[in-house]
Amino acid sequence: MSARAETVGIVGAGPFGLSLAALLGRAGRDVLLWSRSEEVVADVSAGRLSQRMPELQMPLCVGAVSDVHEFARRVRFIVVAVGSESVRRRMHALGEAVDGSHIAVHAIGAFSAPHDHRVSTVISEETAILRTGVIAGPSMPADLAAGRATSLLCASAFDEVTQECRRLIGVPQIMRLYRSRDIVGAELASALSGAYTIAVGLADGLGVGIGIRSVLITRAASEMARLGQAAGAETKTFFGLAGLGNLLVRSSVQDEHASPSYRLGLAIAQGEEFTGENEGARAAHAGHRMARALGVKLPVLETISRILNGELAVSEAAERILLTVTEEE
Amino acid sequence: MDPRLVPEAENRLAAFNDERASIVDQVSRRVIDAHVSQAKLSTEHSLEYVLNEVAFSEMRRLEGGGRQTKQFLRWHDLAHKLGSMSEFEKHRELSSIVRFHAQDIAGNFNPKVYRFAKDVLPPALSFLLNPISGFREGVKALGSMAAQIRIEGELEAVRACCSRGTLVLTPTHSSNLDSIVLGFALQRSLLPPVTYGAGKNLFSNSFMSYFMHNLGAYRVDRRLGFSLYKEVLKEYSTVLLERGYHSLFFPGGTRARSNMVETKLKLGLLGTTATAMVNSLKAGDSKRRIYVVPVTINYRLVLEAETLIEDYLAETGKARYIIEDDEFSRLGKIFEFARKTLAHEGAAVVRFGRPLDPCGNEVDDAGESMDAQGRRVAPDGYVRDCEAEVTSDAQRDSVYTRMLGHKLAAAYHRDTLLMSTHLVARAALEVARARTGIRDILRLMRLSESALALPLSELCEAVDKLRAVILANPAHGIVQDSLVPMSARSIVDQAIHFFSTYHTKQTLYRSGEHVRIGSMKLLYYYQNRTAHIQYGKERAQ
C-alpha cells in the first residue's frame with residue numbers, strides 16, 4: 001500500500017492526540033500530526049519528549065508538520081482531536097487543503113461551540129470531507145499513553161470509514177474498535193454523557209450513597225436513549241461505549257484526573273456558582289433544548305440545565321433528582 | 001436577459017433511436033451478468049431464488065384476474081419447473097425476462113413529433129389557453145407563453161452544466177401536467193428535451209401517450225413488484241446517464257397528495273446518478289459530469305387538487321397509488337383548467353435551483369463542485385479508495401445519495417414559490433383555528449363550513465404576519481414577487497378571485513366584511529404548501 005494509505009493523520013496535539021499518536025507509533029504505524037505550534041512540531045519531529053506530556057516518549061515513526069497542505073498531501077485518514085471550542089476554526093483551516101478523497105473521524109466528546117452542533121456536521125460544513133465518523137468511548141489519554149488495553153466505538157454512516165478506522169487505529173491486544181452506523185447516536189451519547197457527569201458529580205458531592213448514584217447513572221443512560229431515539233438514533237448506542245461507557249469513566253476518575261464536568265458537579269454541590277465554559281454544561285443546555293423541541297421529557301437533564309442557569313437551588317435540585325430517579329423506571 | 005442570445009443546447013435525444021438497441025442490450029447484459037456472477041458467489045443469490053421471486057410476485061399480482069389466464073399460468077408453470085431446471089435453462093429464462101422488460105421500458109424519440117411539439121404546439125396551446133375568445137386577440141397571444149409559464153432561478157448555472165455534462169432534473173411533483181409544463185419551460189429556456197420515466201398508466205390517455213412515447217419518455221410499470229424489474233429500471237437510467245441523456249426524475253415518487261412540499265424522497269432512481277458517475281470514471285471519462293438540478297413547479301391552482309386531497313384524507317394514498325380516473329384522464333378538463341387558470345400570468349412558475357453533484361455538493365456557475373464553504377472540489381475524490389482508485393461501493397454511494405436527498409429537500413423548501421392562494425389559505429386556517437380553538441384538521445372539517453365566517457380584518461392581519469415570517473427566513477420559501485409590495489387586503493382579494501376560477505367548490509368566498517370557507521378540504525390542500533413553516537402558537541407548542 002502507498003505511504004498515504006498507511007499513514008494516520010492527527011489534528012490536534014492535546015493529550016488525546018499525542019497519546020493516540022504514541023500508541024500507534026509504538027505499534028509501528030506511520031503517524032503525522034498537524035499542529036499550529038512550531039514547538040510541538042519540533043519536539044515530535046526530533047523524537048524529543050513532548051513538553052505537553054513529558055511522560056510520553058514519541059516513537060520515530062510519528063512525525064509532525066505545521067503546513068496544512070503538506071499534511072493533506074501525506075495523509076488520507078484523519079483523526080480530529082481538538083477542543084470543542086476550536087473545532088470549527090481548525091476545520092475551516094483544514095478545509096483549505098483537504099478534498100473529497102479524505103476521511104475524517106473525530107474524537108471530541110462534546111458538541112461544537114458556540115452553536116452546539118454535532119462535530120461531524122461541522123467537519124462537512126467547513127471542509128470538503130463527506131466521509132466522516134466518530135470514535136467515542138471510555139479511553140482515557142493515560143490508558144493510551146501507557147498502552148493499557150482499551151476499547152472505542154467507531155461510528156459512521158459509511159462502512160468504508162469504520163473499516164479504515166479499524167485497519168489504521170485498531171491495535172491487537174490494546175485498542176479494540178467496535179463499529180456502528182449510528183453516528184448520530186454515538187455523537188449524542190458522547191456529548192450528553194458529559195452533561196450527566198455533572199449530575200453524578202453533584203450527587204457525589206452531596207454524598208447520596210452508592211445505591212442512588214447507580215440509579216442516577218442508569219436513569220441517565222435511559223434519558224439519553226429516549227432523546228436519541230426521538231432524534232433518529234438507535235437506543236442501544238446509549239447503553240454502549242459511547243454513552244454508558246463514557247459516563248462511567250468520566251464519573252469514576254477522581255482527584256486531579258477527574259473530568260471537568262465531574263469537578264463542576266462537585267463544585268456546585270459545595271455551593272460554588274457556575275461561571276465560565278464547560279462542555280458538559282453546554283451539552284446539558286443543548287440536550288434540554290433538543291428535548292423540548294422533540295417533545296421528550298428528561299427530568300434529570302432539565303434539572304441540571306436549570307441549576308446551571310441559576311433557576312434552581314442545589315437543595316431543591318437535589319431533591320428533584322432524587323425524586324425523579326426513584327419515581328419511574 | 002433575452003434567452004435567444006443563448007445558443008440552444010444540443011438535443012442528445014435526437015440520436016436516441018440509433019442507440020436504442022445498443023442501450024437495451026447494454027442494460028440487459030449488465031443485469032444478467034451481475035446476477036450470474038452473484039449466483040456463483042452464494043446460494044442466497046442463486047438464479048432459482050431470483051426467478052422464484054419474479055414468479056411469485058407476478059402470480060400474486062395476476063391472481064385477481066383469475067388463475068386460469070394465460071399470463072398467470074406462465075408464471076405458475078415457471079414456479080413449478082424451477083426446481084428441475086438446469087443452470088443453462090435458468091440463465092435463458094432470466095435473460096428472456098430481463099430483455100423483455102428492458103425493451104418494454106425503453107422509450108422512443110421521434111424527431112418529427114418533437115419538431116411538431118416544439119414549433120406547432122406552443123402557439124396552438126397558447127391560443128387554446130388564452131381566455132380571450134376573439135381570434136385577433138388570440139393571434140396576438142401567440143408567443144405570449146412567457147407570460148403564462150414563468151421560468152426563474154439558476155438558469156445560467158443550469159445551462160453551463162448542460163454544456164459540460166448530463167443533467168438530471170428533479171422537480172417537485174404536484175400534477176400530471178408537470179412534465180408538460182416543464183417541457184415548455186425547457187424549450188423556452190433553450191435547454192434540451194429530457195428523458196423520463198412515466199407511469200405506464202399515463203400512457204392510457206392516448207393523446208398524452210402519443211407525445212410522451214415519442215418524446216423520449218420511458219415506461220415505468222409500478223404494478224411490478226419484483227426486485228429484478230427495479231434493477232432493470234435502475235440500470236436503464238444509469239446507462240442513459242452514462243451516455244449523456246439528460247433525464248428527469250420525480251424524487252417525490254408520485255404526485256404530492258397533500259400538496260405539502262416533499263421531504264421524504266425516493267432515492268432509488270436518484271442513486272443511479274452516483275452509480276453512473278462511478279461507471280463513467282472507471283471507463284476513463286473524467287470530464288463528463290452529472291448534475292442534479294432541483295426544480296420546483298409551482299401552481300397557483302392545481303388541476304387535480306380535489307381528487308388528490310380526497311385521496312390523501314381518505315388515507316387510501318397507498319391503495320390508490322395509481323389513480324386512473326382523476327382530472328388528468330379527461331382531456332376536456334385539462335383544457336378547461338388551461339383556459340381558466342394557466343392562462344393567467346404567473347399561474348405556473350418553474351424555478352430552477354442551484355445544481356448539485358451526485359454527492360450533494362452545490363456546483364458553481366462553471367459547473368465545478370464546491371464544498372460547503374464555496375471552495376472548488378473534484379467530485380471524483382469522493383469515490384476513490386485509499387489507493388486513489390475509483391471503486392464501486394454500493395453502501396458508500398447509498399449514503400451519498402441520502403445526503404443528496406437531504407440537500408434536494410432543503411432546496412425544495414427554499415425554492416418553493418408561495419402564491420396568494422397558498423398564503424391566504426394558510427392564514428385563513430390559522431384564523432379558523434384561533435377562533436374555534438380547534439387545531440385538528442379533521443375536527444375542523446366536521447364543523448359546518450358556513451359556520452366558519454372569518455372577519456376580513458383578522459384574515460388580513462394573519463396574511464401580513466405569515467408574509468413577514470416567510471420573508472424573514474429564506475429557508476421557508478419565496479413569496480411571489482408581485483405579492484411583496486401588495487396590501488394584505490389585495491392579496492386576499494386576489495386569492496379569492498383565483499379560487500373562484502376553476503374548482504367546482506369555492507375554497508373561500510367573500511360575504512360582506514367576512515370571508516367564508518367554501519371547502520375546508522381545498523383550503524387544507526392549498527395551505528399545506530406552507531405546512532413546513534411553523535410559527536406563532538404552533539411553534540410554541
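Residue numbers begin at 1 in each chain, while the letters A, B, ... track the order of the sequences. All values below were derived from every heavy atom in this structure, side-chain atoms included, with hydrogens, water molecules and symmetry-related copies excluded.
Panel note: side chain B:R375, backbone A:G95; a donor-acceptor pair is recorded below 3.5 Å. In this structure a side-chain-to-backbone donor-acceptor pair under 3.5 Å is present from B:E387 to A:S2. Proximity of a side-chain donor or acceptor of B:Q373 to a complementary backbone N or O of A:E125 within less than 3.5 Å is detected.
The salt bridge (Lys or Arg N to Asp or Glu O under 4.0 Å) test applied to A:E160 returns A:R76, A:R131, not counting sequence neighbours.
Taking 4.5 Å as the limit, some side-chain heavy atom of B:Q395 sits within range of a side-chain heavy atom of A:R181. Considering only heavy atoms from C-beta on, B:N361 comes within 4.5 Å of A:L130 through its side chain.
Of the two parts of B:R402, only the side chain, counted from C-beta on, holds a non-hydrogen atom closer than 4.5 Å to a non-hydrogen atom of chain A. For a residue to count as touching a neighbouring chain, one of its non-hydrogen atoms must lie under 4.5 Å from one of that chain's; by this rule A:E164 touches chain B with the side chain only. Residue A:H92 touches chain B through both its backbone and its side chain, counting heavy-atom pairs closer than 4.5 Å. At a 4.5 Å heavy-atom cutoff, B:M370 makes no contact with chain A through either its backbone or its side chain.
Looking at every heavy atom in both residues, B:C386 comes nearest to A:A5 through O-CB, 3.4 Å.
At most 12 non-hydrogen atoms from other residues, nucleotides or ligands lie less than 6.0 angstrom from CG of A:L60. For A:R4, the CZ atom is densely surrounded, since the number of other residues' heavy atoms within 6.0 Å is greater than 12.
Rounding to the nearest 0.5 angstrom, the gap separating the CD atom in A:Q163 from the CG atom in B:D385 is 11.5 Å.
For the set A:V98, A:T127, A:D99, A:V161, the entry with the most heavy-atom pairs within less than 4.5 Å of chain B is A:T127.
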